[in-house]
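Scroll down for the structure; my scribbles are underneath it.
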Amino acid sequence: MATTVFLALLCVSILGYSLNRQAAARMRANGTKLHSVPGYHGLYSLLSTIVPVVVLIVLWLALQGPTIDRFTMSGLPAGSLDELETGGRQLILAEIKSISRGRVFGNPEAWKVDAADRYVWMHAVAGWMLFGVVIVASLGIVGFARSRVAADFRARHGVERITSGLMLFCSTIAIFTTLGIIAALLFESIRFFERVPITEFFLGLNWEPQIPLREDQVAAEGAFGWIPVFLGTLVITVVALFLAVPVGLLSAIYLNEFATPRLRAVAKPVLEILAGVPTVVYGFFAILVVAPAIRSFGATLGIPVSPNAALAAGSVMGIMLIPFISSFTDDALSAVPKSLRDGALALGATRAETVLNVLFPAAIPGIVGGILLAISRAIGETMIVVMAAGLIASLTINPLDSVTTVTVQIVTLLVGDTSFDNPKTLAAFALGMMLFIVTLVINVFALRIVRKYREAYE
Amino acid sequence: MMNDMGNVGRDSAASEIKIQARGVQVFYGETQAIKDVSVDILDKSVTAFIGPSGCGKSTFLRCLNRMNDTIDIARVEGDIHIDGDDIHAPGIDPVQLRAKVGMVFQKPNPFPKSIYDNIAYGPRIHGLARNKAELDEIVERSLRRGAIWDEVKHRLHEPGTGLSGGQQQRLCIARAVATEPEVLLMDEPCSALDPIATAQVEDLIDELRQSYSVVIVTHSMQQAARVSQRTAFFHLGSLVEYRETGQIFTNPEDPRTESYITGRIG
């Protein structure tokens, strides 16, 4: 039904387009000087039909289901819903719906079959009503738009307003989605903080969220201090950056300034392949190659290394970030005007001096932005640490110990036996909220740095 | 063409030859940009290169400090001697050469550093100053020679990119002067400037002539006439005519030169 309705709307609006266009063209042929060319008169009709009617259809379809459900339930024979709570009523409704789709299990009562028939009938009626409403509304708008075709009617400005309104709508979608995510996180976090004191979460040094979910389970009391978890994230992030920043920067500088075009043509795509490796594959690499290597290297030095040491997960994450940082650096260096490079070389600077003293400072905003975005990614990265980092939150900054991260904890809290009314699962949302806030702060900070340097260097 | 070298130039302190180029050819890939150019550039005087766009005058200028080396596809043939030394000889380090042959570009290109650091950059990398006081002195002297000291002396530590276009160009000239070069190459140094800034830069060029051999590429024939002692006219990659400036503008030998300066080609 929805398809038919949309097709009908499309036909009517195209009709409106050609009506307006022809009317305007006729006026122009008669020697009237129009404000807008005929095409804009057509477009005006088309857009002012489609946009409001599509909104109408979407609203109608959104309200149609719940309304029909309500009618169905209120039309049931008296007494059939007595002594039922919400859950029971919904079960009956679901049963009626599945009967209406022809999926009948066993022998349903006659009143349920009747209700299902009525349900089908109401849907059909609603569909035809929608069809009628759409035809009437769109024809009405087409007629109205046709009546406005006149020499001094500013169709071009009207089209401009409608299209800029559409663009405004599209650009707010992302904003509203973000607000929705924040709201979801916030509400669940508030529920968490109703059960666990906020001071315990922020100041607590213990993280043992495995509390009993059912009466018969044996588990600890539970402790929800986020400091050790976040510390683990920090340790792994720092390890990752220690690897990724120098390697990424130097490789970008080499490829941009020193490498021959042939080497560059080969090396750049290869580096970019790294960016395309799925993080789960990096996880394998961490478990199978890096962690055992670090462990056996530690053993030869006589240093005890935990099997899932932060160093392993962090360095593999660093490898993941190399292409990220090097491509940002590469872009930033390439964006430095050639005139600066020539200026330094003409003063008798060597290539290295040119890069270090002139190109690098000019490219700093882009590079810093890239590094901060890399930090955001490292903090939010999940798969590598789920596979390669530990589960126990320990208060340590030793990269050879096993640490856990915020993302790992969120995953483990929400996997398996969950229900959303106890601190264990709600803690995941509080952690997610903190993760969101930290990355948000870093990103805002990154943008500010980039802007500040750009002001100084442009 | 070379036979009027001995002519009495207008206030030309005609002296010994600083740069001697013989049979210079430049190729960009397969395209030949410069065809067999031979020229002698005098010390302590201003030499102007004029000619229509794309005639190779900037390319030739960039040969003189081997800036064409930085372009992968460029190939330079022929001999260029500065003070009798072949600049393409194996022992010559282009980095050293460029310290001796300074260059100012068409578009002002101050580094993203403070005014002070812009000037101090060359002296620092070449170790011209032993201490901070000496460096300060070099910076002040260079800025004075660049005729910009009075405008910037109170804000030496503000970014050089914050200056106006004309100030930026004089800053770049001061920066080039700071490394104590012997030759100063200027590639259309006034094309991005307004008439007032142009006049300031032209005055500056006239002063720089006291100490350097200045080679300037320009699109403005009036500018060539105002600032230079000798003028070379390039056309389609060849050197058409090279003479004392007054003569080339009043009495050109080659019909192509005459067409260009009277505005029929170019």
Side-chain angles (χ1 to χ4, degrees), chain A residues 249 253-268 328-370 449-458, chain B residues 58 61-62 64-73 93-114 117-128 158-162 168-169 171-173 175-181 183-187 192:
Chain A
L249 280 186
I253 290 174
Y254 176 75
L255 287 179
N256 207 311
E257 297 298 321
F258 296 93
T260 59
R262 265 176 66 190
L263 180 66
R264 188 178 149 90
V266 177
K268 262 203 92 171
F328 262 89
T329 309
D330 194 46
D331 290 349
L333 285 176
S334 306
V336 176
K338 190 178 176 302
S339 64
L340 282 186
R341 197 175 314 236
D342 280 355
L345 291 173
L347 282 177
T350 62
R351 266 183 190 278
E353 284 167 343
T354 306
V355 172
L356 207 65
N357 306 333
V358 177
L359 302 187
F360 207 68
I364 274 282
I367 295 172
V368 170
I449 286 189
V450 168
R451 208 167 296 148
K452 182 173 163 241
Y453 275 89
R454 200 166 282 162
E455 275 166 23
Y457 290 139
E458 252 174 27
Chain B
S58 291
L61 191 75
R62 291 167 65 92
L64 301 180
N65 64 347
R66 289 183 59 179
M67 276 302 277
N68 286 328
D69 290 14
T70 64
I71 302 169
D72 289 325
I73 54 165
D93 178 2
V95 167
Q96 293 296 313
L97 173 72
R98 289 178 201 143
K100 185 171 157 182
V101 183
M103 186 161 190
V104 176
F105 295 84
Q106 184 172 0
K107 232 183 94 208
N109 55 351
F111 299 141
K113 297 169 179 290
S114 70
D117 287 334
N118 260 284
I119 305 295
Y121 184 65
R124 273 191 185 130
I125 57 176
H126 297 299
L128 299 184
E158 285 172 33
T161 43
Q168 288 190 7
Q169 191 63 304
L171 178 71
C172 292
I173 294 173
R175 184 177 72 190
V177 167
T179 51
E180 301 288 341
V183 178
L184 195 57
L185 309 176
M186 305 180 113
D187 189 358

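Just so it is clear: chains get the letters A, B, ... in the order the sequence lines come, proteins before strands, and each one is counted from 1. Side-chain atoms are counted along with the backbone in the values below, which use heavy atoms only and exclude waters and symmetry mates.
A donor-acceptor pair under 3.5 Å links the side-chain atoms of B/Lys113 to the main chain of A/Asn357, judged by distance alone.
Interface residue B/Val101: only backbone heavy atoms are found under 4.5 Å from chain A. With a 4.5 Å cut-off on non-hydrogen atoms, B/Pro94 does not touch chain A at all. Heavy atoms of B/Arg66 lying under 4.5 Å from chain A are absent altogether.
Annotation: the span from A/Arg341 atom CZ to B/Asn109 atom CG amounts to 12.0 Å, rounded to 0.5 Å. In this structure, CD1 in B/Ile125 is found 7.0 Å from OG1 in A/Thr354, a value given to the nearest 0.5 Å. Here A/Lys338 contributes atom NZ and B/Lys107 contributes atom NZ; the two are 11.5 Å apart, rounded to the nearest 0.5 Å.
The number of heavy atoms from other shown groups lying within 6.0 Å of NZ (B/Lys100) is above 12.
Across all their heavy atoms, A/Gly343 and B/Phe111 have their closest contact at C-CZ, 3.9 Å. Closest non-hydrogen pair, A/Ala346 versus B/Asn65, comes out as CB-ND2, 4.3 Å. When all heavy atoms of A/Leu340 and B/Pro112 are compared, the closest pair comes out as CD1-CD, 3.8 Å.
Interface residues of residues 254-264 of chain A toward chain B, defined by a heavy-atom distance below 4.5 Å and sorted by number: A/Pro261.
The greatest number of non-hydrogen atom pairs below 4.5 Å with chain A, out of B/Arg62, B/Met103, B/Met67, is found for B/Met67. By number of non-hydrogen pairs under 4.5 angstrom with chain B, the leading residue of A/Val336, A/Leu359, A/Leu345, A/Asp342 is A/Asp342.
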